[in-house]
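First comes the structure, then the notes that go with it.
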Amino acid sequence: MATSQCNTSLATELCVTRENVDLANTNPSVDDRLTRRISDSLDGADLYSNLAVLAAACNANPVIFLKYPAAYTFKGLGLTQESAGLSARLESAGMIGTCVPGAIDMLLKIDDYYARKFAHLVEQLNRIDEGDGTLLDNCAAVWFQDVSDGCARNLNNLPIVQVGSAGGYFKTGWTVNVEDGSPDLTTGNSEITCAEGTPNQVDGMSQETGTDPSLANAPINKYYCNLMNALGVKAGRDGFPAPGGSEPVTHFGMYDRTEDFIGGGINPPTIHDPGEFTALRASS
């Protein structure tokens with residue numbers, strides 16, 4: 001069901017107009033599509049977020065992705081180095097070499113931009129009334145990335161930010177360290193090189209900038225099970241989501257251990273740790 005505010009007035013409030021969309025999609029010359037100003041309060045990324053908010057308000061799709069581009073140069077942030085190379089701390093998306101001067105500061109500037117864009121998305125979701133709460137209350141806005149550290153390319157200790165309880169399914173206002181996570185959430189190695197007072201050489205092959213591989217290996221598959229169950233997706237007898245299913249989702253994906261697929265995935269698909277993270281549930 002769509003909110004009663006699913007109309008052209010909401011689209012106009014959100015600045016989702018043909019004129020603005022055309023402006024956002026104009027080929028960049030001195031700027032870039034994401035940081036280009038659409039108005040005094042919006043840039044291109046905000047406009048895309050607002051379009052996602054409109055789609056959510058109109059229930060155009062129960063799942064909406066906003067994927068920021070890889071290897072992107074944020075000219076509007078005053079950067080000339082593309083983001084994939086910066087994540088490796090190098091001039092290109094290589095693995096070994098000399099640190100780009102100021103790489104960590106530039107990465108922090110990009111991270112700050114991402115955080116502000118996510119905050120804008122959440123703010124817009126929260127300003128639309130829906131039932132006894134807001135659109136935000138009835139959804140889960142999730143921010144995460146493809147790897148934990150862009151140089152190490154490791155998958156463990158991946159930080160995830162979620163706002164909204166999906167209609168009361170999830171806890172909110174908590175920092176949850178699932179299962180085998182490191183007890184100190186501030187611990188990490190991302191700044192052991194290329195930062196002030198540290199070596200200016202980086203070796204991505206050694207994964208030295210990543211979290212110790214023995215820590216924080218709870219599989220993200222379980223979180224996907226949480227999200228699907230919150231959405232009301234049902235599974236077949238095997239626990240995998242299936243049309244016409246009647247059981248809770250307990251299985252998703254092919255593997256839930258890196259060891260099973262690293263190097264090409266020679267092991268048969270196996271989910272070793274089925275189910276969702278009960279620690280994330282509001283009822284736990």
Side-chain angles (χ1 to χ4, degrees), residues 11-55 64-125 141-154 158-161 163 188 190-191 193-196 198 200-202 204 209-210:
T12 302
E13 274 186 59
L14 292 169
C15 297
V16 181
T17 64
R18 171 56 61 187
E19 179 183 8
N20 285 339
V21 171
D22 288 344
L23 175 59
N25 288 325
T26 303
N27 286 330
S29 53
V30 296
D31 60 359
D32 64 272
R33 285 189 175 95
L34 292 181
T35 63
R36 175 180 297 151
R37 302 310 305 178
I38 304 300
S39 70
D40 290 341
S41 59
L42 294 177
D43 64 12
D46 293 325
L47 183 64
Y48 293 127
S49 292
N50 286 9
L51 181 59
V53 171
L54 181 63
I64 301 166
F65 282 92
L66 284 167
K67 185 178 184 294
Y68 280 71
Y72 193 77
T73 303
F74 289 88
K75 297 177 183 177
L77 301 182
L79 302 179
T80 57
Q81 178 80 24
E82 52 86 14
S83 55
L86 277 178
S87 70
R89 286 71 154 173
L90 302 172
E91 291 184 351
S92 64
M95 299 294 287
I96 300 174
T98 301
C99 303
V100 170
I104 298 296
D105 288 338
M106 287 186 280
L107 285 171
L108 291 174
K109 181 176 287 190
I110 295 172
D111 286 344
D112 174 77
Y113 179 76
Y114 288 149
R116 287 187 284 112
K117 299 304 103 177
F118 185 68
H120 170 84
L121 171 67
V122 168
E123 181 182 11
Q124 300 312 304
L125 290 168
V142 182
W143 172 24
F144 64 97
Q145 52 283 330
D146 61 337
V147 293
S148 299
D149 180 87
C151 180
R153 307 299 297 175
N154 60 308
L158 178 72
I160 297 174
V161 179
V163 183
S190 290
E191 296 185 24
T193 187
C194 302
E196 185 176 354
T198 66
N200 72 337
Q201 297 293 311
V202 64
T209 58

Which atom pair, heavy atoms only, marks the closest approach of [X] to [Y]?
X	Y	result
Ala88	Val202	O-CG1, 3.7 Å
Val163	Val122	CG1-CG1, 3.7 Å
Ala52	Ile64	O-CD1, 3.6 Å
Val142	Phe118	C-CE1, 4.0 Å
Gly76	Thr35	CA-OG1, 3.1 Å

Is the side chain of Thr209 donor-acceptor paired with the backbone N or O of Ser190 at a distance under 3.5 Å, no angle test?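 Not confirmed, Thr209 side chain does not pair with Ser190 backbone.
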
Judged by atom type as modelled, is there a donor-acceptor pair below 3.5 Å linking the side chain of Asn25 to the main-chain atoms of Val21?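 Side chain of Asn25 to backbone of Val21: a pair is present.
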
Quick one: do Cys194 and Asn200 satisfy side-chain contact (heavy atoms from CB on, under 4.5 Å)? Show the steps, please. CA-CA 5 Å; Cys194 302; Asn200 72 337; over 6 Å; no

List in chain and number order the residues that pass salt bridge (charged side-chain N to carboxylate O under 4.0 Å, His left out) with Asp111, two or more places apart in sequence or in another chain; answer none if no residue qualifies.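 In terms of salt bridge (charged side-chain N to carboxylate O under 4.0 Å, His left out), with neighbours along the sequence ignored, Asp111 is linked to no residue.
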
Residues forming a salt bridge (charged side-chain N to carboxylate O under 4.0 Å, His left out) with Arg33, sequence neighbours excluded: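 Applying salt bridge (charged side-chain N to carboxylate O under 4.0 Å, His left out) to Arg33 gives none.
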
Listed partners of Leu34 passing side chain to side chain contact (heavy atoms under 4.5 Å, CB included), at least two apart: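 Here the qualifying residues are Asp32, Ala45, Tyr48, Tyr68, Pro69, Tyr72, Phe74, Tyr113.
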
For salt bridge (Lys or Arg N to Asp or Glu O under 4.0 Å), just list the numbers for Arg153 and Asp146, CA-CA rounded to whole Å, side-chain angles, deciding distance to a tenth of an Å, and then say yes or no. CA-CA 9 Å; Arg153 307 299 297 175; Asp146 61 337; 3.3 Å; yes

Starting at [atom1] of [X], measure out to [atom2] of [Y] and round the result to the nearest 0.5 Å.
X	Y	atom1	atom2	value
Leu90	Ile96	CG	CD1	9.0 Å
Leu42	Arg37	CG	CZ	7.0 Å
Ile38	Cys15	CD1	SG	9.5 Å
Leu51	Gln124	CG	CD	12.5 Å

A side-chain contact here means heavy atoms from C-beta on lying under 4.5 Å apart; do Pro159 and Gln145 qualify?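 Touching, per the 4.5 Å side-chain cut-off.
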
So Ile110 and Leu79, do their side chains get closer than 4.5 Å, heavy atoms only?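 A side-chain contact exists here, since the closest heavy-atom pair is under 4.5 Å.
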
Carefully, step by step, assess Arg36 and Asp43 under the rule salt bridge (Lys or Arg N to Asp or Glu O under 4.0 Å). CA-CA 5 Å; Arg36 175 180 297 151; Asp43 64 12; over 6 Å; no

Qualifying residues under side chain to side chain donor-acceptor pair (under 3.5 Å), relative to Thr26, sequence neighbours excluded: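 Result, side chain to side chain donor-acceptor pair (under 3.5 Å) vs Thr26: none returned.
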
Among residues two or more places apart or on two chains, list those pairs meeting side chain to side chain donor-acceptor pair (under 3.5 Å) that have a residue in residues 75-89.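 Side chain to side chain donor-acceptor pair (under 3.5 Å) check on residues 75-89 returns Arg89-Asp149.
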
Quick one: side chains of residues 97-109, donor-acceptor pairs under 3.5 Å with protein atoms, not counting sequence neighbours, listed by atom name and distance.
from, atom 1, to, atom 2, distance (Å)
Thr98, OG1, Gln201, NE2, 2.8
Lys109, NZ, Leu77, O, 3.4

